[in-house]
Amino acid sequence: MAETSDYRIDDLDRRLIELLAAEPRLGILGMSRLLGVARATVQSRLDKLLAAGVITGFGPEIDLAALGYDVVAFCTVEVVQGRISDVVEPLTAIPEVLEIYAVAGQGDLFLRVAARSNEHLMQVLEQILQIPEVDRTSTAIGLSKRLPYRVLPLVAAAVG
């Protein structure tokens with residue numbers, strides 16, 4: 001798979017990505033009609049975007065609150081010196097841990113965590129703290145989402 005920085009998108013790629021974001025269930029024929037290009041062109045572009053790693057999946061977007069996970073928290077994890085790789089697998093085994101980033105600055109890992117309640121969040125944090133290589137955690141609870149995850153402005157900026 002090519003590095004994403006090696007692939008330069010153009011305006012048709014941008015329009016294709018925006019269309020996929022707006023209409024994820026649309027087929028190749030429908031996309032070709034809306035984009036005004038041949039089906040083979042859409043398929044070729046889609047294949048190139050996938051091969052380059054620009055498009056990484058077609059999974060559904062899930063509303064955590066609709067699943068009963070009303071609490072979102074951001075947790076900084078401090079790990080025993082040199083043991084970050086030993087912590088990732090046990091953290092991955094905790095379903096409520098949604099994302100893990102290795103970070104520079106205060107702490108070693110930054111996690112996004114979902115929970116059904118504050119009490120449930122406390123149970124998740126206790127699971128994290130039971131990992132032997134974890135020294136301590138610091139957690140901030142998200143009160144309200146002010147800007148959902150987005151990438152389309154970056155897609156538009158990358159055209160050039």
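Basis for what follows: all heavy atoms, side chains included, without hydrogens, waters or symmetry-related copies.
Contact check for Leu91 versus Val134: no side-chain heavy atoms found under the 4.5 Å cut-off. Here the side chains of Arg15 and Leu12 are in contact, with some heavy-atom distance below 4.5 Å. Side-chain contact between Thr137 and Thr76: absent, with no pair of heavy atoms (C-beta onward) separated by less than 4.5 Å.
Rounded to the nearest 0.5 Å, atoms CG (Leu121) and CD1 (Ile141) are 5.5 Å apart. Note that CD1 of Ile94 is 8.5 Å distant from CD of Gln130, once rounded to the nearest 0.5 Å. Ile128 CD1 to Gln123 CD: the interatomic distance, rounded to the nearest 0.5 Å, is 12.5 Å. Taken from OG1 in Thr41 to CG in Leu46, the straight-line distance is 12.0 Å, to the nearest 0.5 Å. With values rounded to the nearest 0.5 angstrom, Gln81 atom CD is found 7.5 Å from Asp108 atom CG. Going from atom CD1 of Ile55 over to atom NZ of Lys48 covers 13.5 Å, rounded to the nearest 0.5 Å.
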Q: With side-chain contact (heavy atoms from CB on, under 4.5 Å) as the test, would you mind laying out the steps for Leu49 and Tyr7 before giving the verdict?
A: CA-CA 8 Å; Leu49 290 166; Tyr7 189 84; 3.5 Å; yes

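Shortest non-hydrogen contact noted between Glu78 and Gly107 is CG-CA, 3.8 Å. Across all non-hydrogen atoms, the minimal contact from Leu64 to Ala114 is CD1-CB, 4.0 Å. Of all heavy-atom pairs between Pro132 and Val80, the closest is O-CG2, 4.4 Å. Contact record, Pro90 with Ile131: CB-CD1, 3.7 Å, taken as the closest heavy-atom pair. The two atoms that bring Leu125 and Thr139 nearest to each other are CD2-OG1, 3.4 Å, heavy atoms only. Residue Leu152 comes nearest to Glu18 through the heavy atom pair CD2-CG, 4.0 Å, listed as atom of the first residue, atom of the second, then distance.
Arg146 and Ser144 share a side-chain donor-acceptor pair at under 3.5 Å.
Put simply, Leu98 and Val77 are part of two different groups of oily side chains (I, L, V, M, F, W, Y) that touch within less than 4.5 Å, one to the next. By the rule that hydrophobic residues join a cluster once side-chain heavy atoms approach within less than 4.5 Å of another member, Val151 and Ile9 end up as members of separate clusters. Residue Leu154 is not grouped with residue Ile17 when hydrophobic side chains (ILVMFWY) are merged at heavy-atom distances under 4.5 angstrom, including chains of intermediate members. Val113 and Val72 fall into different hydrophobic clusters, where Ile, Leu, Val, Met, Phe, Trp and Tyr side chains are chained together by heavy-atom contacts under 4.5 Å. Val71 and Val124 fall within the same hydrophobic cluster, where Ile, Leu, Val, Met, Phe, Trp and Tyr residues are linked whenever their side-chain heavy atoms come under 4.5 Å apart, directly or through other members.
A salt bridge links Asp13 to Arg45: at least one charged side-chain nitrogen sits closer than 4.0 Å to a carboxylate oxygen.
The neighbour count for Tyr101 OH, taken as heavy atoms of other residues, nucleotides or ligands under 6.0 Å away, does not exceed 12. More than 12 heavy atoms of other residues, nucleotides or ligands sit less than 6.0 Å from atom CD of Glu99.
Residues passing the side-chain contact (heavy atoms from CB on, under 4.5 Å) test with Leu26, sequence neighbours excluded: Leu19, Glu23, Met31, Leu34.
Proximity of a side-chain donor or acceptor of Arg33 to a complementary backbone N or O of Ile28 within less than 3.5 Å is not detected. For the pair Thr92 (side chain) and Val88 (backbone), a donor-acceptor distance under 3.5 Å is present.
With a 6.0 Å cutoff to the six-membered ring centre and a 45° limit on the axis angle, Arg112 does not count as a cation-pi contact of Phe74.
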